Every structure is written in C-alpha cells, then in structure tokens.
Amino acid sequence: MLRNATIFPVTGHKDKKRTAIFAATDTIVMRHKYYQTLAAVLSAVLLILAVSCSREDPFGDNTYLLTAEKLFTTPVAGIEALFGAFSVSDPAVEDLMEYIEHDVDVWRVTYRTDIYGEEIVASALVCRPVAAGKFPVLSFQNGTNTLHANAPSVNPSNPSYMLVEDLASMGFIVIIPDYPGFGSSESVAHPYLLKEPTVRSVTSLLAALREFDDDVVHPADAGTDLYLFGYSQGGWATLAIHEEIDKRVIEGFTLKASAAGAGPADLKAMLEGFLAADEYPMPSYFAYIAHAYRSYGWFDLDYNDIFNETYAAKIPGLFNGTLSLGAINQQLTTNVSELLTPEFIAGFSSSPDFEDVRKALADNSIKGWSTSVPLILVHGEGDTQVPAQGTIDLYNEMISSGSPMAVVKIELVPGVDHGDGLLPAAIKSLEFILAIAGTK
C-alpha cells in the first residue's frame, strides 16, 4: 500500500459478489427464521471484510493499473511562469501560452506490462487538467536517459518534465511513461531502442489509464483521441508506436496525430555512418545499444568482440542507473578506432561474425510505411549525434510507401545540434498537434 496515497472506493466484480451474497442471505432468512440472527451476523462480517479489502487494494480487480498516487497540483499561475522562463530561450514558446487554461493534477501510477513475455511493474506520470469532461490523451516519450534518479515519475519536478506535464493545462490527459528499466522497474535492464517492449509499455499504460478512470474520482477523464509526441529516443519510440497502431488498433483509442523529433530511425545505417567517421560525440549511445541488445539476447557476442579491451571491461558497470550520459561518455572515447575493435569496424557490414548484430539493428529500425494518420518529422539540420539525413531518408520512404504528402510532413530546423534542437522541435511538434486537436 502506498504511503500517503489517497484511497478511492471502487465498484465492479466485488460489488456484484457482495450483492449476490446479501440476496442469498435474505432468502435464507425468509425460509428459515431460525437462522436469522446468524445470517445477519454473517452479512455484517462480509460487509466489513469487503470494505476493508476495498480500502487496502482499491485496484484489486484491475488487469493493468496497480496503484495511483497524487503528487501535486500545479496552478495556472505556476504554469504560466514556467512557460515564461522557457520563452527566454525561445520566444516562440509565448505563442503556446494562449492555450494555458487549467490547473494540473500530477499523479504517479504503477501498472503491469511485460518484456518479451516476462511481467514487470512499470511506472509513469498521469497529468490531468482540473476541469470536468473528457479530454484527448497525449503520450510523451522522453529522450535517452541513464539515471534512475531522473526518470519522469522519480523526478517529476524537473523543469523539462514539468513543461510536458503542464500541457495538460491545454486540455489534454498527458501520460509520461518511465520506460522499463526506470522507476518501479529499475531492477531490470532498460530495453534501449528495442521496439516490442517499448511499444508495449505505452499500450499497457493506455489500458491502465482506462482503469484509472474507472477507479479514481476525478472530473477529467480520458477521451478516445490519442496523440503521440517525443524527441530523440522518444522520437524513435513515437514512430514505433504510430506504426504499431497502424497495424493493430488499440481498443478504446483512435490515433489522431504524431510528432517525432530527431529519432534515430534506421539504426543499422546510423551505425554504419558512425563506423565510417573518425570521431563520434556520443559513444554512450552505441554502448547503451550493445548493453540492451546483449541483455535481451539479440546477439551473444562478448563486449570484447566489439569494443577494445580497455572499454569492453567497463561497459557492464556503466548502465547501473547511477551515471549520466555525460559521465558515461567520459569513461569511453569519442575516437572510433580506439573504442571499437578493427575486426568490428571492418566486418560489421558484411562479416558473418556480425550478422546477428546487423539483423538486430535492422529489426528494431523504423522504415517507411504507408499511414493515413497525420505525422510530422522534426530534426535539427546541424545534428551531429543523430544526423538529420536519417529523418530525410525516412520521410522519402514514407512518401514512396504511399503516405500522402498532405499527411506526412517534415520540418528541418536550421543551425541546431541535437541538444539545442529539443525546444524548437517541441514547439513545432506542439503547434502541429494543437492545430489538429483544436483543444481551445
């Protein structure tokens, strides 16, 4: 039971069972007056037990949602102040402030999902406008993180997360998954850039959101319209979820639009570009992929088959949740030939020794497909970490696969690298979503 959590009464199967018990008790009383006193005592005991169980486990009948705890409420004045602070970095943020309307309640939830069939308990933030009615759902997929302490539900007061949380003020139910490997599931390896568990963690959260509405008394409920939004790893995740929804309808939700920023779409092509360079500024990305893919059996090569010995020995200890991306980079090297073995550099594209690595990356890449759901791809032209050419190639693949140009858009932000591209990409993504959602 959560400490300081608010407990809410629930209705459902327990209530039906209790009603059936009471009805049976009444029949016994009418037919057998001798047992009237005993039946009354039994009914009272059952009622006490049922209410007690409801108080201890309000979500006991759920398939997905396990707990919900309200963390705080952010008033409109605080939201306006936060957006004002971000507008110093980019004045275009001010154009979004006209949509701010409601206070926002922020909740931490835990829910069931699985990684390749193994059940885990995942966690997330659920942010609701303090207003009555049904609201569209906006799912935000965050970028690459290695710190357990900086998972969304662990650090909800991080200004960047708060900016996303406060989008609920504009008339959305905002959900922010931690991803497996963070929050309540930090004991498992994070499945970094692995499609299936990433997509499942979000679709399971959407199912848990329906149960939240059934169990928790709140004026704002989730409607059926769904929007997706993410940057970097979150951009890749957004594309993976969008593609999955195009193939398999999620019960109770209709995808209306997605905005994907600076996602590494073709992982195999991106690595080939990395291997052809003398320097790469984020060796932590590739080490993170190798760690995740080995952890989940996508290939069984040893680290020293890929990384030179100095670095191969370090990698298992780099992703324990205590080091930032910057700290991990410092433990590695940006010099490609120093980081990786000459056999891997020369043989990755064609050697049978690395066929499993090539297949793993290809299977978890995003390739163009035909969609009728509006999608915008946003990328900084000067991105040295996740080159914009990958997004350009994906856009061309989407169009050649049958996606209408009126449906799939691309927006390149001039002169910005990966980190600096986050805020302008977020603004363009939100403008795209707000224009379709028409929340105000």
Side-chain angles (χ1 to χ4, degrees), residues 96 113 122 124-127 135-144 152 160-161 163-168 170-180 193-210 222-265 364 366-379 391 394-395 398 403 407-411 422 425-439:
L96 299 173
T113 187
L125 293 176
V126 174
C127 314
F135 295 88
V137 176
L138 175 62
S139 179
F140 174 75
Q141 291 66 241
N142 65 275
T144 302
S160 295
Y161 291 145
L163 193 68
V164 178
E165 294 161 17
D166 292 344
L167 297 179
M170 301 178 180
F172 294 97
I173 305 289
V174 177
I175 58 174
I176 310 175
D178 285 334
Y179 296 137
L193 298 179
L194 288 171
K195 273 186 180 180
E196 183 180 328
T198 300
V199 170
R200 191 174 298 276
S201 70
V202 176
T203 56
S204 297
L205 178 55
L206 289 167
L209 184 62
R210 285 293 180 226
T224 59
D225 290 351
L226 173 65
Y227 297 86
L228 303 172
F229 164 41
Y231 188 83
S232 191
Q233 178 189 358
W236 168 90
T238 294
L239 291 167
I241 299 162
H242 185 129
E243 183 181 16
E244 179 66 17
I245 293 175
D246 271 345
K247 295 176 181 176
R248 179 179 62 84
V249 173
I250 297 179
E251 185 178 355
F253 291 96
T254 301
L255 182 62
K256 305 299 286 188
S258 298
N364 289 284
I366 309 296
K367 304 297 287 183
W369 77 97
S370 178
T371 186
S372 60
V373 178
L375 167 66
I376 188 169
L377 306 171
V378 188
H379 214 125
T391 290
L394 176 63
Y395 172 77
M398 297 288 292
S403 299
V407 170
V408 177
K409 308 286 186 182
I410 186 169
E411 183 92 32
L422 172 56
I427 293 168
K428 292 181 182 299
S429 296
L430 289 170
E431 289 173 342
F432 179 77
I433 288 173
L434 287 165
I436 294 172
T439 60

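Heads up: numbering here begins at 1 and tracks the sequence. On a predicted model such as this, the values are computed, not experimentally measured, just so you know.
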ask   = What distance separates Ile376 CD1 from Glu431 CD, expressed to the nearest 0.5 Å?
value = 9.0 Å
Do any side-chain atoms of residues 252-264 form donor-acceptor pairs under 3.5 angstrom with protein atoms, and if so which ones, sequence neighbours left out?
{"from": "Ser258", "atom 1": "OG", "to": "His242", "atom 2": "ND1", "distance (Å)": "2.8"}

key: From OG1 (Thr224) to CZ (Arg210), nearest 0.5 Å   = 7.0 Å
Within-4.5 Å side-chain heavy-atom neighbours: Thr203 and Arg248 = yes
request  = Quick one: do Met398 and Leu375 satisfy side chain to side chain contact (heavy atoms under 4.5 Å, CB included)? Show the steps, please.
outcome  = CA-CA 10 Å; Met398 297 288 292; Leu375 167 66; 3.8 Å; yes
remark   = Closest non-hydrogen atoms of Pro136 and Tyr227, given as atom of the first, atom of the second and distance, are CB-CE1, 3.8 Å
ask   = For the residue pair Ile175 and Val126, what are the closest heavy atoms and their distance?
value = CG2-CG2, 4.1 Å
ask   = Are side-chain heavy atoms of Ile245 and Val373 found at a separation under 4.5 Å?
value = no
inquiry  = If I take atom CG from residue Asp246 and atom CH2 from residue Trp369, how far apart are they, to the nearest 0.5 angstrom?
reply    = 6.5 Å
request  = Scan Thr144, Val378, Leu422 and name whichever one has a side chain to side chain contact (heavy atoms under 4.5 Å, CB included) with Tyr231.
outcome  = Leu422
ask   = Out of curiosity, Leu163 CG to Leu96 CG, how far, rounded to the nearest 0.5 Å?
value = 8.5 Å
inquiry  = Rounded at 0.5 Å granularity, tell me how far CE in Met170 sits from CG in Leu138.
reply    = 10.0 Å
task = Applying side chain to side chain contact (heavy atoms under 4.5 Å, CB included), run through Leu239 and Leu394 and close with a yes or a no.
result = CA-CA 10 Å; Leu239 291 167; Leu394 176 63; 3.6 Å; yes
inquiry  = Under a 4.0 Å threshold between the charged nitrogen and the carboxylate oxygen, would Glu243 count as salt-bridged to Lys195?
reply    = yes
message = With side chain to side chain contact (heavy atoms under 4.5 Å, CB included) as the criterion, how do Leu193 and Gln233 come out once you've worked through the C-alpha distance, each side chain's angles and the decisive distance to 0.1 Å?
response = CA-CA 7 Å; Leu193 298 179; Gln233 178 189 358; 4.0 Å; yes
For the student: nearest non-hydrogen atoms of Ala237 and Tyr179, plus distance = CB-OH, 4.0 Å
query = If you take all heavy atoms of Leu377 and Thr391, which pair is closest and at what distance?
reply = CB-CG2, 3.7 Å
Ring centroid separation Phe172 to Phe135 under 6.0 Å = no
query = Where do Val202 and Pro177 come nearest, in terms of heavy atoms and distance?
reply = CG2-CG, 4.0 Å
request  = Keeping the roles fixed (side chain from Ser204, backbone from Ser201), state whether a donor-acceptor pair exists under 3.5 Å.
outcome  = no
query = Roughly how far apart are Ile241 CD1 and Ile250 CD1, rounded to 0.5 Å?
reply = 8.0 Å
inquiry  = Pair Asn364, Glu196 - check side chain to side chain contact (heavy atoms under 4.5 Å, CB included), show working.
reply    = CA-CA 8 Å; Asn364 289 284; Glu196 183 180 328; over 6 Å; no
Beyond-backbone contact of Leu167 with Phe140, side-chain heavy atoms, under 4.5 angstrom = no
Closest heavy-atom pair and its distance - Gly223, Val137 = O-CG2, 4.3 Å
